Amino acid sequence: MQDIFGTCMCILFLSNIKLNSIKVASILLTVAFFYDIFFVFVTPLLTKHGESIMVNVATTGGPPQADPSWCEKYRNDADCKGGDPLPMLFAIPRIGDYQGGCSMLGLGDIVLPGLLLSFASRYDEAKRLIGVIGGGSGRMRSNLE
C-alpha cells in the first residue's frame, strides 16, 4: 500500500511541478546528488551510533521491536511503539536473495530526475511544434546539399 501511495505522490508531483530551465534542473540534480551522498554515507561517520540519518528518518515508524504479548501488557514501553513509516521511499523486495528483505529507493531519487525528463520532453515538443508551424516537419535539416 505504501508503494502505491508513493507512486501516486510521484505522479502528482511531476504533473504539477515544472522546471523552466535546464540550468535549474542541472543545479538541482547536482545538489541532490551531494546531499544524498552526505546524508547516507558521511553521517554514519559523524554520529555516535554510526547510523545514517537519512536511512533512520526514512525507516522510522516501522513495526514494534518487542514481542506482541509483551506489548499487550506494557503499551507505553519504548519497544512497543511503532507504526507505518511515511511514504518517503519504495520498499523493493529482493527476489532470489537468500536473506530476503527489501531495498530502499527514495521518492526524491525518482522525482528529481523525473523533473529533468519532463523538462526535456516539453522542450522537444516545443521545438517540434515551432518547426511544424514554421512550415517544416519539425526536424532540423542539414545543409549538406
Side-chain angles (χ1 to χ4, degrees), residues 1-134 136-140 142:
M1 189 67 177
Q2 288 280 9
D3 289 345
I4 294 170
F5 190 61
T7 302
C8 292
M9 285 181 57
C10 286
I11 292 170
L12 182 70
F13 189 87
L14 289 173
S15 65
N16 289 324
I17 305 296
K18 300 201 180 340
L19 298 178
N20 293 325
S21 164
I22 192 77
K23 184 177 181 181
V24 172
S26 300
I27 291 171
L28 187 63
L29 279 174
T30 303
V31 168
F33 176 73
F34 288 110
Y35 172 86
D36 278 350
I37 289 174
F38 178 78
F39 277 102
V40 172
F41 299 110
V42 177
T43 56
L45 304 174
L46 303 176
T47 59
K48 287 183 181 179
H49 302 292
E51 296 177 345
S52 168
I53 291 175
M54 188 176 287
V55 172
N56 193 9
V57 167
T59 58
T60 54
Q65 301 295 324
D67 185 51
S69 61
W70 174 266
C71 291
E72 285 180 18
K73 296 176 186 173
Y74 306 103
R75 295 175 193 242
N76 294 329
D77 189 17
D79 288 337
C80 293
K81 298 196 188 295
D84 291 331
L86 293 173
M88 298 170 55
L89 57 93
F90 288 117
I92 302 168
R94 295 183 191 148
I95 298 172
D97 186 5
Y98 72 95
Q99 291 181 334
C102 293
S103 297
M104 296 184 296
L105 180 63
L107 297 185
D109 296 332
I110 295 171
V111 168
L112 294 178
L115 287 172
L116 177 64
L117 291 174
S118 172
F119 172 78
S121 174
R122 285 185 294 117
Y123 182 79
D124 286 346
E125 188 63 26
K127 291 296 258 186
R128 187 192 65 77
L129 184 63
I130 289 171
V132 169
I133 290 173
S137 66
R139 297 183 181 146
M140 297 188 75
S142 64

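Fair warning: this is a prediction, and the values are worked out from it, not measured in the lab.
Atom NZ of Lys23 sits in a sparse spot, with 12 or fewer heavy atoms from other residues, nucleotides or ligands closer than 6.0 Å. In the displayed structure, Phe38 atom CZ is contacted under 6.0 Å by more than 12 heavy atoms of other residues, nucleotides or ligands.
Once rounded to the nearest 0.5 Å, the distance linking CG of Leu14 with CD1 of Ile110 reads 9.5 Å. Taking CG from Leu116 and OG from Ser121, the interatomic distance works out to 11.0 Å, rounded to the nearest 0.5 Å. Going from atom OG1 of Thr7 over to atom CG of Leu12 covers 12.5 Å, rounded to the nearest 0.5 Å. Atom-to-atom distance recorded for Asp109:CG and Cys10:SG is 10.0 Å, nearest 0.5 angstrom. Here Phe90 contributes atom CZ and Ile4 contributes atom CD1; the two are 10.0 Å apart, rounded to the nearest 0.5 Å.
Ser52 places a side-chain N or O within 3.5 Å of a backbone atom of Phe39 that can act as its donor or acceptor partner. Here the side chain of Arg122 pairs no donor or acceptor atom with the backbone of Asn20 at under 3.5 angstrom.
The shortest distance between side-chain heavy atoms of Ser118 and Leu19 does not fall below 4.5 Å. With a 4.5 Å cut-off on side-chain heavy atoms, Thr30 and Phe34 count as touching. Annotation: side chain of Leu112 is in contact with side chain of Leu115 (closest heavy-atom distance under 4.5 Å).
Between Tyr123 and Phe119, the angle of the ring planes stays under 30°, which puts this pair in the parallel group of the 30/60° scheme.
The minimum heavy-atom distance between Leu107 and Leu89, with the atom names listed, is CG-N, 4.0 Å.
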